[in-house]
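Single-structure report; data block below.
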There are 2 protein chains.
Amino acid sequence: MIDFDKLDKTIHERGRLSIMTMLVSRGEWKFQELKDQLKMSDGNLITHLRSLQKAGYVSTEKELKGRKVTKYLLTRSGKKAFKGYLRLLEQIVTQGSS
Amino acid sequence: MIDFDKLDKTIHERGRLSIMTMLVSRGEWKFQELKDQLKMSDGNLITHLRSLQKAGYVSTEKELKGRKVTKYLLTRSGKKAFKGYLRLLEQIVTQGSS
DNA sequence: TTTATAACTTTGTGATACAAAGTTAATTCA
DNA sequence: TGAATTAACTTTGTATCACAAAGTTATAAA
């Protein structure tokens, strides 16, 4: 039996899942890029990013030169948590396809 | 890019995802069996089952003889929707593992 | 006919997704 | 220089929803 208690709720929510998937597929994303790709409102996006930061999954880098730009990236812990999440997805896919 | 808009919210929620995964792995489940396996309260379980029924994903069978027992099973449409959902999960897993 | 059980329904609470509008700081342009 | 623009927020309000707990109904066993 799959242990659904282990399903990470922070990652599982659609908005944050899409963010995590982007961050894992490419190292860094600017706030604006995430917003454009994911078509979220500022408020919604920042709130999800804050949840992910609060969970320790995401960190930021500010560009000191030029325009005010914030880049978001996965932490080591974020990568690990996402890997664990993916393992659970795999179990679901496997069980659902058998 | 994965289209997260296509992610079926009815299925994606943890409780209902666990129900759907059970139903696809074995044809029929009694209410009591689901409750025992998933450790949900009556109210929570029935509410999720109702949502799934409302979406047309789940149907019921009542035993006419003996005790009052209700069995739950996937509809054709539920199987199809779940397959679509799994395809999206596969995309996430693939993208996340590359 | 009392008791027990399955399958509900109802109600209340707390969490949260999301949009919209407002704020702040820095940069560019007139 | 200062007005306008832009990025990155914060705040606020709403609507949804997960979940638990307690109450209801119908059936069956004792």
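In what follows, chains are A, B, ... by sequence order, proteins preceding strands, each numbered from 1.
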Of Lys71(B) and Arg14(A), the one whose closest DNA chain C nucleotide lies more 5': Lys71(B)

Nearest-angstrom distance from the residue atom CZ of Phe4(A) to C1' of dA18(D): 17 Å

His48(A) side-chain N/O to dC18(C) phosphate OP1/OP2 under 4.0 Å: yes

Separation of dA8(D) P from Trp29(A) CH2 (nearest whole Å): 14 Å

Distance in angstrom units between Leu45(A) CG and dC9(D) P, rounded: 10 Å

Length of the CD1-P vector between Ile46(A) and dT12(D), whole Å: 17 Å

Nearest-nucleotide comparison on DNA chain C, the residue closer to the 5′ end among Asp42(A) and Arg16(A): Arg16(A)

Sugar-phosphate, base or nothing in reach of Thr70(A), heavy atoms under 4.0 Å: sugar-phosphate

Phosphate contact (dC8(C) OP1 or OP2) by Lys62(B) side-chain N/O below 4.0 Å: yes

Within-4.5 Å side-chain heavy-atom neighbours: Leu17(A) and Leu7(B): yes

Under-4.0 Å salt bridge between Lys83(A) and Glu90(A): no

Gap between atoms CG and C1', on Asp36(A) and dA8(D) respectively (whole Å): 14 Å

For atom CD1 of Ile11(B) and atom P of dC17(D), their distance in whole Å: 15 Å

Tyr72(B) side chain near dA6(C) phosphate (N/O to OP1/OP2, under 4.0 Å): no

Distance below 4.0 Å between Asn44(B) side-chain N/O and dA20(D) OP1 or OP2: yes

Between P of dT16(D) and NZ of Lys9(B), the distance in whole Å: 11 Å

Short N-O contact, Arg14(B) and Glu13(A), less than 4.0 angstrom: no

Parallel, tilted or perpendicular, as decided by the 30° and 60° cut-offs, for the rings of His12(A) and His12(B): parallel

Lys68(A) side-chain proximity, nearest of dA25(C), dT25(D), dA17(C): dA25(C)

Nearest-nucleotide pick for Arg50(A), side chain only, options being dA8(D), dA6(C), dC9(D): dC9(D)

Separation of dA7(C) C1' from Glu33(B) CD (nearest whole Å): 14 Å

N/O (side chain, Lys39(A)) to phosphate O (OP1/OP2, dC18(C)) under 4.0 Å: no

Options dC18(C), dA7(D), dA26(D), nucleotide nearest the side-chain atoms of Gln32(A): dA7(D)

Salt-bridge present (Glu61(B), Lys71(B); N to O < 4.0 Å): no

Lys35(B) side-chain N/O to dT5(C) phosphate OP1/OP2 under 4.0 Å: no

